[in-house]
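What you see is a predicted model, and the numbers here were worked out from it, not measured in a lab.
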Amino acid sequence: MLKKTAFIGLFAIMTSPLMAQDTKTPVYLDETKPVELRVKDALSRMTLEEKVAMLHAQSKFSSPGVPRLGIPEFWTTDGPHGVRPEVMWDEWDQAGWTNDSIIAYPALTALSATWNKKMSWNYGKALGEEARYRKKDILLGPGVNIYRTPLNGRNFEYMGEDPYLTSKMVVPYIKGVQSNGVATSVKHFALNNQEMFRHTSNVIVDDRALYEIYLPPFKAAVTEGDSWTIMGAYDMYKGQYASQNQYLLNDILKGEWKYKGVVVSDWGAVNDTQQAIHNSLDLEFGSWTNGLSVGTKNAYDNYYLAKPYLDLIKSGKVGTAELDDKVTRLLNLAFKTTMNTKKPFGNIASEEHKAIAKEIGEEGIVLLKNQGNVLPIDINKAKKIAVIGENAIKIMTVGGGSSSLKVKYETLPLDGIKSRFGKQSDVQYARGYVGDIGGEYNGVKSGQNLKDDRSPAELLNEAVELAKNSDYVIFVGGLNKADFQDSEGNDRKSYGLPYNQDNVISALAKANKNLAVILVSGNAVAMPWIKDVPSVVQAWYLGSEAGNSIASVLAGDANPSGKLPFTFPVKLEDNSAHQLGEYPGNKEELAAGKGKDQKNPINITYNEGILVGYRWHDTKKIKPLFSFGHGLSYTTFEFGKAKADKTAISQNDQITFTVPVKNTGKKAGAEVVQLYISDLKSSLPRPLKELKGFEKVFLNPGEEKLVSITIDKSALSYFDPEKHDWIAEPGDFEAQIGNSSDNIKTKIKFTLK
Ligand code: BGC
C-alpha cells in the first residue's frame with residue numbers, strides 16, 4: 001500500500017504543468033497539422049549540428065535523421081529494376097543477410113519498350129512495395145538519361161532515345177513507387193550519357209538540345225511525376241560538376257521548374273563545399289568513393305556538407321538560409337516517407353509481383369523480324385528444338401554495376417523454353433561460344449560455373465550439328481552484364497556482338513532455316529547476318545521471369561507488342577554522336593591524355609544537337625537497321641484514315657486526331673499507335689518529325705477501335721535559345737500516324753494560327 005505522503009507526491013507529479021506539456025504531441029509529429037507548421041516546429045527545435053548532420057550520409061546508403069527528436073534515418077537503395085541487397089555499414093561488400101533477396105523486374109529499356117503507361121504504373125507500384133517491405137525510404141531510380149550512343153554501358157538502365165516516350169513512361173513509375181511512401185530519385189541529372197569519363201568530363205551542349213532532348217524526362221519526373229528526390233550526375237556541365245551545379249540545379253531545377261524536393265548527389269559526385277552549399281545540393285552521399293569501389297572508413301564527418309560546412313557557418317563565412325532550406329526539404333521528405341504513419345507495409349515476391357514482372361517482360365519483347373513466320377514456334381512441327389548460345393543459360397541479374405541484384409530466382413531462357421515446350425518437344429542445348437564466365441558482383445554470386453574449356457571450333461561444330469538435326473533453332477545471345485558490356489563504369493568497346501557470335505549465327509543460319517535469334521541486351525548491336533536470319537527478337541534483360549516471358553512469346557502465348565525505344569543503326573558511324581558529335585570526347589584532348597583525372601577533364605561536345613536517334617536518321621535519310629518505334633506482331637493491323645476535329649487551332653486550343661485501327665489477323669494482339677508531328681516550315685531547323693503522342697490498343701481478331709490522341713501547342717513548340725522560351729510558331733504542321741517512326745500509315749495537315 002502506498003504511504004500517504006508518497007501518494008500526494010505522485011498526484012503532484014501527474015498534475016504538474018510539465019507533465020501536461022509532455023503528453024501533448026509536438027506540432028512536428030502531429031500529422032493533422034499543416035506541413036509548413038510541422039517543418040517550422042521541427043526546425044525551431046533542431047541545433048545547428050543536428051541540421052548539418054541531416055545533409056550527409058552516415059553509412060553507404062543511409063543518412064541520419066534527428067535521433068533526439070525521433071526523426072528517423074533515411075535509408076536509400078538501388079535501384080531502377082529491383083531492390084539492391086544489403087551492404088555493410090561502411091563498405092560496399094555484402095552484409096550477408098539472408099532475407100534481402102527480391103524479384104528483379106525487367107530493366108527499364110524493356111519497360112519503355114512496352115509503350116504502355118499502365119505497365120509503368122504496375123512496375124512502380126510493385127517495385128515500391130518491395131522497397132517498402134525492405135524498409136527503404138528512397139529508391140535510387142528511375143534512370144532517364146537519353147540514349148545518345150549505343151556504346152553507353154548504362155543504356156539498359158534508361159528508357160531510350162526519345163524525350164517524349166521517356167517522359168510519358170517515367171511519370172506512372174514514379175507515382176507507383178511513391179504510392180508506397182517510398183521516394184523515387186530520378187537520375188542522373190543531367191547529361192550523363194556515357195560511362196567513359198563520367199567523373200572527368202565536361203559536356204558541351206547547345207540550349208536547344210539541352211531543353212528539347214536531355215531535360216524533358218527530368219522535367220516530367222519532377223513537375224508531373226512529383227518525384228520527391230532527384231539525383232545529380234557525375235559529369236560536368238559548364239565546368240561545374242552536375243551534383244553541385246549552378247545552372248542545372250539553381251537556375252533550371254529549382255528556378256524554372258520550381259522544384260521543392262530533395263537533390264541527392266550521386267555517390268561520390270561532390271567535391272566542393274561552397275558549390276554544394278550554394279548550388280542546391282541537399283543530401284550528400286558516397287564522398288571519398290568513385291561510386292562503386294574505393295571508400296574511406298568513417299569519412300562521414302569530413303563530407304563536404306559536414307564539418308567543413310559547419311565550420312563555415314560557425315566562422316560566419318556562410319549564413320544559415322541555405323541550411324534551413326535544405327533541412328526544410330529533408331523534413332518535407334521525412335513527412336512523406338519515414339514519418340508517414342499512413343503508408344502501406346509493402347510485400348516481396350508476391351504472386352502478383354511475379355505476374356507483373358512476367359507480363360512486362362512479354363509486352364516489352366520486340367519482334368524485330370519474322371520472315372516466313374518462323375515464330376511463333378509451331379508445336380506440331382517442333383519435334384526437336386535446339387537452343388544455342390550462352391545467354392540461354394547465363395544469370396543476368398548479377399552484374400552491371402549498382403543495379404546488380406540478389407534475386408529470389410531468375411528463370412533462364414533455356415529453362416523457360418524447356419518448361420514451355422519440353423512436354424511435346426525434345427529440347428537440346430549447345431553453348432556455341434564462350435563469352436563471360438564470371439558470375440559475381442560486389443560479393444553476390446550467381447552460383448553458376450560457366451567454365452568451358454572447349455575450343456571455339458569444337459563449340460561451334462557441336463552447335464551446328466545440333467542445329468542440322470533439329471526442327472527449330474533458337475539462338476540466345478547478345479551482351480551481358482560484364483565490364484565493357486551492358487555495365488556501369490565503362491562503355492562498350494565496339495558496336496558488334498562480342499565473343500564470335502556473328503560467326504556462330506551465320507553458321508546456324510546455313511544449318512537450319514527455322515532460326516530465331518534472341519538478343520538479350522540493353523543496347524543496339526550490329527547484325528551483319530541480318531539478311532540470312534529469318535527471325536530476330538529483342539528480349540532485353542527481363543529479370544526474375546526472363547525465361548518465362550521469352551518462352552511465352554516464342555510459343556505465341558503472348559503476342560509480341562513491344563516497340564523499340566531507340567534506333568538500331570546499321571553501323572556505329574550512322575549514329576549522330578559518332579558521325580557529328582564527339583565520343584568519347586574531344587579527339588585532340590583525348591590524344592593529349594585528358595580525362596584521366598578530375599584535374600584534367602575532357603570536353604565532350606554534342607555537335608549533333610537535337611538530331612539524336614530517329615530525329616537524325618529521318619532528317620538525314622540514313623536508313624537504320626531497325627527504326628525507333630519498330631516492332632512486329634503475330635497478327636496484322638490495318639490503320640484507317642486519320643481525322644482531326646479541326647483544321648486550324650489557336651495557341652490555346654487542343655486538337656484531337658482519331659484513327660481507326662483494326663486487327664486483320666487471326667490472333668488477339670496489341671498495336672502501338674504513334675503520332676509524330678512534322679513542322680512543315682519553321683524559322684529554326686527542326687527534325688523531320690517528332691513523337692508527340694502514342695496509345696497502345698488491344699484488339700481481338702476482326703475487332704476495330706477508334707484511337708484518339710489529343711495534343712496542344714506544346715507538341716508543336718521548339719525551344720528558342722534567343723528568347724530562352726518555348727515557341728509554337730504559327731504555320732502548317734502535319735500529324736503523321738503510324739506504327740513505327742519509319743512506317744507512317746496516315747497523315748493529316750493542320751494549321752496553327
Ligand atoms: C551510380 C548511381 C547509384 C549509386 C549508388 C553510383 O555509382 O551512378 O546510379 O544509385 O552509385 O549505388
Side-chain angles (χ1 to χ4, degrees), residues 111-121 144 146 159-173 212-213 216-217 219-221 223-225 363 561-566 610 613-615 618 627-631 637 639-649 651-661 670-680 686-699 705-718 726 728 732-752:
L111 173 63
S112 190
T114 66
W115 291 57
N116 185 345
K117 296 158 231 174
K118 179 84 189 19
M119 286 299 126
S120 193
W121 158 264
V144 295
I146 291 291
M159 292 184 163
E161 72 187 23
D162 185 68
Y164 182 85
L165 175 66
T166 306
S167 299
K168 289 295 152 196
M169 292 302 287
V170 79
V171 168
Y173 173 119
E212 292 186 23
I213 306 292
K219 185 177 183 192
T223 60
E224 290 170 49
E363 269 205 40
S561 63
K563 301 280 179 179
L564 288 181
F566 51 80
I610 54 173
Y614 69 91
R615 288 168 168 78
D618 270 9
S627 65
F628 171 80
H630 170 76
F637 299 98
F639 283 56
K641 218 177 139 27
K643 285 196 182 125
D645 63 349
K646 317 179 173 68
T647 51
I649 58 167
Q651 294 272 338
N652 296 323
D653 263 354
Q654 294 188 324
I655 180 165
T656 299
F657 304 99
T658 46
V659 59
V661 182
E671 180 61 295
V672 179
V673 178
Q674 305 168 28
L675 166 73
Y676 295 86
I677 297 291
S678 180
D679 190 348
L680 299 178
R686 302 198 67 176
L688 196 64
K689 63 177 185 294
E690 297 182 279
L691 184 75
K692 295 296 171 185
F694 64 90
E695 218 48 71
K696 194 165 199 172
V697 52
F698 293 81
L699 295 165
K705 279 186 189 160
L706 203 59
V707 177
S708 55
I709 300 178
T710 301
I711 59 163
D712 60 22
K713 73 167 180 190
S714 64
L716 314 178
S717 308
Y718 57 73
W726 289 91
D732 293 340
F733 291 83
E734 189 169 61
Q736 307 187 350
I737 298 175
N739 65 355
S740 160
S741 65
D742 71 348
N743 197 12
I744 298 303
K745 308 266 193 185
T746 170
K747 297 179 181 178
I748 183 161
K749 287 203 176 100
F750 64 100
T751 308
L752 175 70

> Do other residues, nucleotides or ligands put more than 12 heavy atoms under 6.0 Å from Lys749 NZ?
Replying inline: no
Using side-chain heavy atoms (C-beta onward) and a distance below 4.5 Å, is [X] in contact with [Y]?
X	Y	result
Tyr676	Asp618	no
Leu699	Lys705	yes
Met159	Leu165	no
Met169	Phe694	yes
Leu675	Val673	no
Leu716	Ile711	yes
Phe637	Asn739	no
Phe698	Asn116	yes

>> Over 60° means perpendicular and under 30° means parallel, so tell me whether Phe750 and Phe733 are parallel, tilted or perpendicular.
In response: parallel
Of the non-hydrogen atoms in [X] and [Y], which two are nearest, and what is the gap between them?
X	Y	result
Ala644	Ile748	N-CD1, 3.4 Å
Pro163	Ile213	CB-O, 3.6 Å
Ser561	Val672	O-CG2, 4.1 Å
Thr746	Gly640	CG2-O, 3.6 Å
Ile737	Ala642	CD1-CB, 3.9 Å

Could you tell me whether a side-chain N or O of [X] sits under 3.5 Å from a main-chain N or O of [Y], the two making a donor and an acceptor?
X	Y	value
Lys643	Thr658	no
Arg686	Ser717	yes
Ser740	Asp742	yes
Lys689	Ser741	yes
Glu161	Tyr614	yes
Thr114	Glu363	no
Gln674	Gly629	yes
Trp115	Lys563	yes
Ser120	Pro172	no

In Å, rounded to the nearest 0.5 Å, how long is the span from [atom1] of [X] to [atom2] of [Y]?
X	Y	atom1	atom2	answer
Asp162	Ser112	CG	OG	8.5 Å
Trp726	Glu212	CH2	CD	5.0 Å
Ile677	Ile655	CD1	CD1	8.0 Å

>> As a quick check of understanding, evaluate side-chain contact (heavy atoms from CB on, under 4.5 Å) for Gln654 and Asp712, giving each step before the final call.
In response: CA-CA 4 Å; Gln654 294 188 324; Asp712 60 22; 4.2 Å; yes
> Are any of the side-chain nitrogens in Glu695 or Lys168 under 4.0 Å away from the carboxylate oxygens of its partner?
Replying inline: no
> Is a side-chain donor-acceptor pair under 3.5 Å present for Thr656 with Ser708?
Replying inline: no
